[in-house]
Amino acid sequence: DRRPEDDGLGASSAGGGGGGRIAIYYTDKSGFTGTVGANGGSAPTGRRGGAGTIYWQSSTQQLGELVIDNKGVMDVPTTLTGGRYGDVSITNSTVVISGTMTADTVSLKNGSVLTHPSTDTTGMSQLDVTATTIVIDSTSRIDVTARGYLGSYQGTNNSNNGRTYGNTTTGGSTQYNGGGYGGLGGKHDTNGSVNTAYGDLMNPSEVGSGGGGTSNSDSHGGNGGGLVRVTAGTLTLDGSIVAYGGGGSGSWGSGGSGGGIHINTGTISGSGTISAKGAGSTSAGGGGGGRIAIYYADRVNFTGIVSASGKSGS
C-alpha cells in the first residue's frame, strides 16, 4: 500500500492532486531500500493528477538524475522547463518541454510521451532536445501531433482560413481545403485555395499549417503538426517520433499538414517510426505531408519506417 505522503491525494469524483517535487542529495545511498514517488493522485473517474519530479544527485556528480513517473496515467501532462540536465528518465508519463533541453541521457519508457506546447496565434512552439544518448522504447514516443499552426476555428483562430507560415491566416488554406507544408494540401472547394509549400527540405525548422473550415461545429480545420529537433550521439528508436497533422472536426473539417522533424545523430538504430504525415478528412481536403531531414554517421541497424506523406480527403 502506498502512503499519502508519497503521492498527490486522490479524490472521490473530481480530479486527483498533482505530484510534488522531491530532491535528494547524498554521498552514499547503498543502504537505502525504500520507495520514492511523486506521481499524481488517483480518482475513480480516472482524472489522476500529473506527475511531480524526483531529483537524485550524489556528491560525485555534477548533474544528477531526474525521474518522472506517473504510474501509468498519461492524460495529464507534466511541464518541464528547458535547461541543462544530467540523466532524464520518463516512465508512464506525458511530459511537455518548454524551452531547449540539453541532457546526458534521455529515456522514454512504458508508454511515455515527450512533446512541446501547442502553437497559438503568436510565435511558434518546438521541441528541441540535445543529448549524448536518447532511448525510446517500443511503447513510447516523441509526439507533436496537431501542435503546429492552428486550423480554422481552432483555439483563438476565428477565421475560415487555416494559419500558415509566419503564423498568419493570410495565404492560409481556405474553407474545406487542407493545410500544406512540404507538400500542398488537398483542394476541395473549386473557389478556394491552399497555402503554398514552404520551408527548407534540408533543415526543417517550421511547424505545419492548419486546414481551412467554417465556424460550423462539424467544419473546423485541423491543426498542423509541430516541430521536433533532436541532436544525439546515439538514438535508439523502437517507438516513434511523429509530427502528424491534426484532423478537422466532423465530416467537413479539412486536415492539417504534417509538421517538421530534424534529426542529427551519430548512430540511429531500432525498428521504430519517424513520420510527418498530413491528416485525412471525410469530405474535405486532406493535409499535405511535412518535412523530415535525418543526418547520421551510421544507420546500419535502423530498420524502421520514415514517412512524410499527405492524406486523402474527398
Taking atom types as modelled, is there a side-chain donor on Tyr85 or Glu65 under 3.5 Å from an acceptor on the other?
no
Is there a donor-acceptor contact under 3.5 Å linking the side chains of Ser209 and Tyr198?
yes
Test item: side-chain donor near acceptor, Asp28 and Ser30, under 3.5 Å
yes
Does NZ or CZ of Arg291 fall inside the cone over Tyr181's six-membered ring, less than 6.0 Å from its centre and within 45° of the axis?
yes
If you count every heavy atom of other residues, nucleotides or ligands that lies below 6.0 Å from Tyr165 atom OH, does the total exceed 12?
no
Could you state whether Ile142 and Ile263 fall into the same hydrophobic cluster, counting links through intermediate Ile, Leu, Val, Met, Phe, Trp or Tyr residues with side-chain heavy atoms under 4.5 angstrom apart?
yes
In terms of side-chain heavy atoms, does Thr273 have a donor or acceptor partner in Ser275 at a distance below 3.5 Å?
no
Does His220 form a ring pair (Phe, Tyr, Trp, His ring centres under 6.0 Å) with Trp252? I'd like the steps, not just the answer.
CA-CA 8 Å; His220 298 176; Trp252 287 99; over 10 Å; no
Report yes or no: do Ser125 and Arg147 form a side-chain donor-acceptor pair below 3.5 Å?
no
Between the CG atom in Leu235 and the OG atom in Ser269, the distance rounded to the nearest 0.5 Å is 7.0 Å
Do Ser240 side-chain atoms and Val242 backbone N/O form a donor-acceptor pair below 3.5 Å?
no
Please check: side-chain N/O of Asn70 versus main-chain N/O of Ala51, any donor-acceptor pairing under 3.5 Å?
yes
Test of understanding: with salt bridge (charged side-chain N to carboxylate O under 4.0 Å, His left out), list the residues that count as partners of Asp238, not counting sequence neighbours.
none
Without hydrogens or angle criteria, can the side chains of Asp137 and Thr139 be said to hold a donor-acceptor pair below 3.5 Å?
yes
Quick one about Thr145 and Asp143 (side-chain donor to acceptor, distance below 3.5 Å, no hydrogens or angles considered), yes or no?
yes
